[in-house]
There are 2 protein chains.
Amino acid sequence: MRKNPIFQRETLGAAVLQVRSGRATSRTTLAKALGISPSTVGLYVDQLIAERFLNESGLNQGPMGRPRRILTTRPDAGWFAGVEFNAQRIQAIGVDFSGAVLASVVQVLPAEVTADQVIKAILLSVSKLAASTRSPLLSVGLGVPGLVDAKAGVGLHYAFIPDWNDVPVVERIGSRLNVPVILQNNLRAIALAERWFGGGHELSNYVILGPRSGFGVAMVQDGKLIEGAHHAAGEMGRWPWPLADGKGSSQELHHALSAPATWRRLAGVGLRAKLPEDLREGLAELASKQGPEWDSVCEDFARVIGCLQLLADTGVFILHGPLTMLGTRFCESITQTALELMPALGAAGLRIVPSTLGDDAGALGAASLAMEAWMPA
Amino acid sequence: MRKNPIFQRETLGAAVLQVRSGRATSRTTLAKALGISPSTVGLYVDQLIAERFLNESGLNQGPMGRPRRILTTRPDAGWFAGVEFNAQRIQAIGVDFSGAVLASVVQVLPAEVTADQVIKAILLSVSKLAASTRSPLLSVGLGVPGLVDAKAGVGLHYAFIPDWNDVPVVERIGSRLNVPVILQNNLRAIALAERWFGGGHELSNYVILGPRSGFGVAMVQDGKLIEGAHHAAGEMGRWPWPLADGKGSSQELHHALSAPATWRRLAGVGLRAKLPEDLREGLAELASKQGPEWDSVCEDFARVIGCLQLLADTGVFILHGPLTMLGTRFCESITQTALELMPALGAAGLRIVPSTLGDDAGALGAASLAMEAWMPA
DNA sequence: GGCTTTTTATTCGAATGCGAAAAAATCCAA
DNA sequence: TTGGATTTTTTCGCATTCGAATAAAAAGCC
């Protein structure tokens with residue numbers, strides 16, 4: 001019998017990731033994918049099978065030679081929790097190894113919620129999910145609005161929860177659940193979700209556009225999230241911004257391109273106009289709109305994206321949040337306008353697309369944090 | 001006698017780096033700095049002493065205990081070459097382990113220079129440097145203008161040398177010199193020089209502003225250069241840019257803030273005005289200038305930097321190129337204007353400073369590439 | 001069936017690095 | 001002078017990983 005040393009969890013996770021993603025199906029292909037020797041892979045696979053993370057499911061005969069012993073992941077090996085919240089609501093989602101959603105819990109938070117109440121609600125949500133699953137919880141990801149120190153695991157600031165300042169979230173949640181807890185800004189978490197659940201499997205450079213009540217972006221360069229020296233990268237809502245339609249003097253970007261501002265501009269109503277009950281529906285009604293309002297909004301987005309592309313050269317922009325309701329036509333209009341305004345963008349190829357993740361994007365992002373911690377790339 | 005295995009060059013280099021930088025002076029401190037065990041460090045140090053990269057120079061008695069055997073680098077262990085060029089001139093510089101400049105060679109290139117001539121000039125420059133040094137050449141860094149694929153070692157495009165397209169520089173230089181050759185865009189190389197030779201020893205997030213004939217920036221996030229999906233990150237010269245003084249319609253950023261454009265604006269002359277013979281001197285004369293021209297230039301720079309800071313949150317901006325002749329007062333004016341225009345910037349601390357590297361910045365940047373390859377962080 | 005060919009998995013010896021313990025080098029106090 | 005006390009360095013055994021050789025499992029061919 002082979003000896004059974006304790007391997008690095010990191011490499012074990014990476015191995016599972018390769019199998020999960022279908023990039024490796026046998027010990028030999030796994031060795032190539034991980035860049036380690038076949039002999040070592042054998043040991044790793046032994047352990048992963050012993051720990052019930054992997055299965056051997058029959059043989060696969062190639063054109064010649066000894067057949068491969070096919071490796072598959074076991075969805076029941078464990079699950080990951082992802083929790084996202086804002087000042088109004090909290091959503092927790094459970095996913096298994098294959099990325100399938102096991103369950104989702106949404107809870108409305110009380111008005112003027114406090115940090116303590118949020119922490120309690122997170123714990124409650126996760127335990128609700130746990131009640132419906134028999135397999136063990138492997139890790140928890142938290143998508144938190146506002147400023148986040150991901151490394152320290154501290155929520156630094158969030159304007160809409162007054163006492164959300166320097167909250168040691170990872171410590172408070174982790175000490176209760178006894179599994180790894182990973183914290184990240186919610187928009188940056190969504191950027192990871194795009195890789196784990198969305199269409200961007202192979203992307204390593206892209207930008208998430210997240211216009212909601214403000215205007216933030218999350219940037220991924222070389223597969224890594226850009227956080228900034230003070231955890232504030234992507235907070236471009238305060239860019240000085242002269243409107244495309246020339247009305248009004250220079251203002252800040254989020255006054256022009258936040259989700260509510262975009263609705264107001266497209267709807268052709270003034271700043272005082274009441275927002276529709278459901279902003280998403282309100283925007284969906286405007287998806288087929290034409291005319292100068294549409295053009296001017298598209299031009300503003302095109303200029304923002306053009307600037308980002310020239311500066312960071314990511315090439316791919318994924319639109320998130322309520323504005324996805326404006327559909328692919330919106331993104332196409334922006335792309336076209338951008339290329340007209342800044343022909344230089346055409347050279348490298350500019351892709352602007354709406355996200356396919358839907359309403360669960362935030363929670364899926366949080367779950368991605370959990371998965372990424374367990375299965376590092 | 002201890003056995004003498006062949007260690008990873010990477011770790012050997014990292015060890016030398018720690019000693020070089022003064023962060024580690026003995027085997028024990030070196031072990032802590034590198035995060036490896038003291039026993040292993042002993043082996044590494046043995047090898048480095050055998051290879052004449054390190055010296056043991058006496059003992060250092062602490063307040064108690066066995067005295068440390070002090071480790072020092074040997075400047076004569078080898079040297080690094082850095083080469084920078086543009087369409088007009090080529091500069092090669094040789095530095096030793098301590099970062100001291102051994103020699104510098106400047107050569108004027110012929111008008112309408114070709115890629116082949118540049119390659120030859122690079123080889124000639126390095127061999128000129130080599131002639132004056134007895135110690136071995138360890139690696140060569142090349143700071144190349146235009147688009148560069150650093151990973152592949154290929155110069156992709158440079159507008160001012162017509163046939164500079166997809167030039168396999170690393171291959172062509174490396175095959176002659178038989179040492180590692182590292183390629184990078186020249187402005188990005190300068191960003192590294194700021195860490196190796198400038199004041200930014202401990203910086204891991206900063207931006208290099210390099211307004212010359214165009215307007216480019218180099219960004220470092222978490223200690224890593226941002227290159228972009230198509231190696232074009234930082235080429236923000238083509239941002240649409242409405243001038244601060246309101247004259248003229250919207251144009252591109254480099255028309256407003258390149259080094260010549262800045263001189264013209266500060267000098268108060270029109271677009272057709274002839275540039276001074278030496279732009280640096282011309283700018284130096286304007287360093288004490290006051291008035292609306294000065295204010296409007298500062299405001300434009302403040303807006304650019306403000307946008308970058310809000311987006312990438314690096315906190316530190318280092319001005320390079322001819323505009324450094326405008327001195328610290330220029331940077332202070334910009335800082336002040338930026339904080340007035342965008343008070344949000346004040347929170348995290350904004351620092352805008354002129355580079356201290358001087359005219360050799362480009363060549364020193366190239367040398368930094370060589371050093372960083374040999375001594376990875 | 002017995003042979004070769006091809007591909008995959010395992011075994012085995014060696015290399016590299018770590019942790020714990022031992023040794024070394026100094027100061028200080030008795 | 002001798003015996004701690006303290007800190008640095010080295011020794012030694014063990015764990016992990018790799019490379020090369022070997023074994024295994026099939027297909028094709030005679």
Side-chain angles (χ1 to χ4, degrees), chain A residues 1-19 22-51 53-72 376, chain B residues 1-19 22-51 53-72 376:
Chain A
M1 185 55 192
R2 216 182 285 188
K3 63 179 174 177
N4 193 12
I6 300 163
F7 295 108
Q8 298 180 29
R9 277 251 82 87
E10 209 174 63
T11 313
L12 287 168
V16 175
L17 173 62
Q18 295 297 325
V19 175
R23 281 192 288 273
T25 53
S26 70
R27 286 162 174 75
T28 311
T29 48
L30 186 53
K32 266 185 202 131
L34 292 173
I36 60 182
S37 72
S39 36
T40 311
V41 166
L43 298 171
Y44 272 74
V45 170
D46 280 357
Q47 176 165 343
L48 285 167
I49 290 175
E51 291 183 5
F53 289 117
L54 291 185
N55 246 349
E56 265 185 4
S57 60
L59 304 177
N60 175 313
Q61 183 56 49
M64 227 179 266
R66 175 174 174 171
R68 318 169 166 189
R69 301 164 67 176
I70 301 177
L71 301 171
T72 50
Chain B
M1 186 57 193
R2 216 182 284 188
K3 62 180 173 175
N4 194 11
I6 299 160
F7 295 107
Q8 298 178 25
R9 276 253 83 87
E10 208 175 63
T11 313
L12 288 168
V16 175
L17 173 62
Q18 295 297 325
V19 175
R23 281 192 289 273
T25 54
S26 71
R27 286 162 173 78
T28 312
T29 49
L30 186 53
K32 268 187 202 129
L34 292 173
I36 61 181
S37 71
S39 36
T40 310
V41 166
L43 299 172
Y44 272 74
V45 169
D46 280 358
Q47 176 163 343
L48 286 167
I49 289 175
E51 291 184 6
F53 288 118
L54 291 184
N55 245 349
E56 266 183 2
S57 60
L59 303 177
N60 174 312
Q61 183 56 47
M64 228 178 267
R66 178 173 172 171
R68 320 168 164 189
R69 301 164 68 176
I70 302 177
L71 301 172
T72 50

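Below, read A as the first sequence line, B as the second, and so on, with proteins coming before strands; counting in each chain starts at 1.
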I want to verify a distance call: between [options], whose nearest atom is closest to the [X] side chain?
{"X": "Tyr44(B)", "options": "dA9(C), dT17(D), dG17(C)", "value": "dG17(C)"}
{"X": "Ile36(A)", "options": "dC18(D), dA9(C), dT9(D)", "value": "dC18(D)"}
{"X": "Arg27(A)", "options": "dT8(C), dT10(C), dC18(D)", "value": "dT10(C)"}

**Message:** Can you tell me how far apart CZ (Arg27(A)) and OG1 (Thr40(A)) are? Round to the nearest 0.5 Å.
**Reply:**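 Output value for this atom pair is 13.0 Å.
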**Message:** Rounded to the nearest 0.5 Å, what separates atom CZ in Arg66(B) from atom OG1 in Thr28(B)?
**Reply:**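 So the CZ of Arg66(B) and the OG1 of Thr28(B) are separated by 9.0 Å.
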Send over the distance from [X] [atom1] to [N] [atom2], rounded to a whole Å.
{"X": "Glu56(A)", "N": "dT8(C)", "atom1": "CD", "atom2": "P", "answer": "15 Å"}
{"X": "Lys32(B)", "N": "dT8(D)", "atom1": "NZ", "atom2": "P", "answer": "6 Å"}
{"X": "Leu43(A)", "N": "dC12(C)", "atom1": "CG", "atom2": "P", "answer": "13 Å"}
{"X": "Gln47(B)", "N": "dA15(C)", "atom1": "CD", "atom2": "C1'", "answer": "13 Å"}
{"X": "Leu30(A)", "N": "dT10(C)", "atom1": "CG", "atom2": "P", "answer": "12 Å"}
{"X": "Arg69(B)", "N": "dA23(C)", "atom1": "CZ", "atom2": "C1'", "answer": "13 Å"}
{"X": "Ile70(A)", "N": "dT8(C)", "atom1": "CD1", "atom2": "P", "answer": "12 Å"}

**Prompt:** Where along nucleotides 24-30 of chain D does protein come under 4.0 Å, by heavy atom, of base (B) or sugar-phosphate alone (S), with - for untouched nucleotides?
**Reply:** BBS----
**Asked** How would you label the contact of Ser37(B) with the nucleic acid (heavy atoms, under 4.0 Å): base, sugar-phosphate, or nothing?
**Response**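 The residue Ser37(B) makes base contact.
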**Message:** I'd like to know if Ser39(B) reaches the base of dG17(C) with its side chain such that a donor and an acceptor end up less than 3.5 angstrom apart.
**Reply:**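 Donor-acceptor pair under 3.5 Å: no.
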**Message:** Can you give me the closest heavy-atom contact between Leu48(B) and Ala15(B), atom names plus distance?
**Reply:**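 The answer is CD1-CB, 3.9 Å.
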**Closest approach of Ala31(A) to Ser37(A) (non-hydrogen atoms, all atoms of both residues)** =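 What the structure gives for the nearest pair is CB-C, 4.1 Å.
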**5' priority, DNA chain D, between Gly35(A) and Pro38(B) [closest heavy atom]** =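 Closest to the 5' end, via its nearest nucleotide, is Pro38(B).
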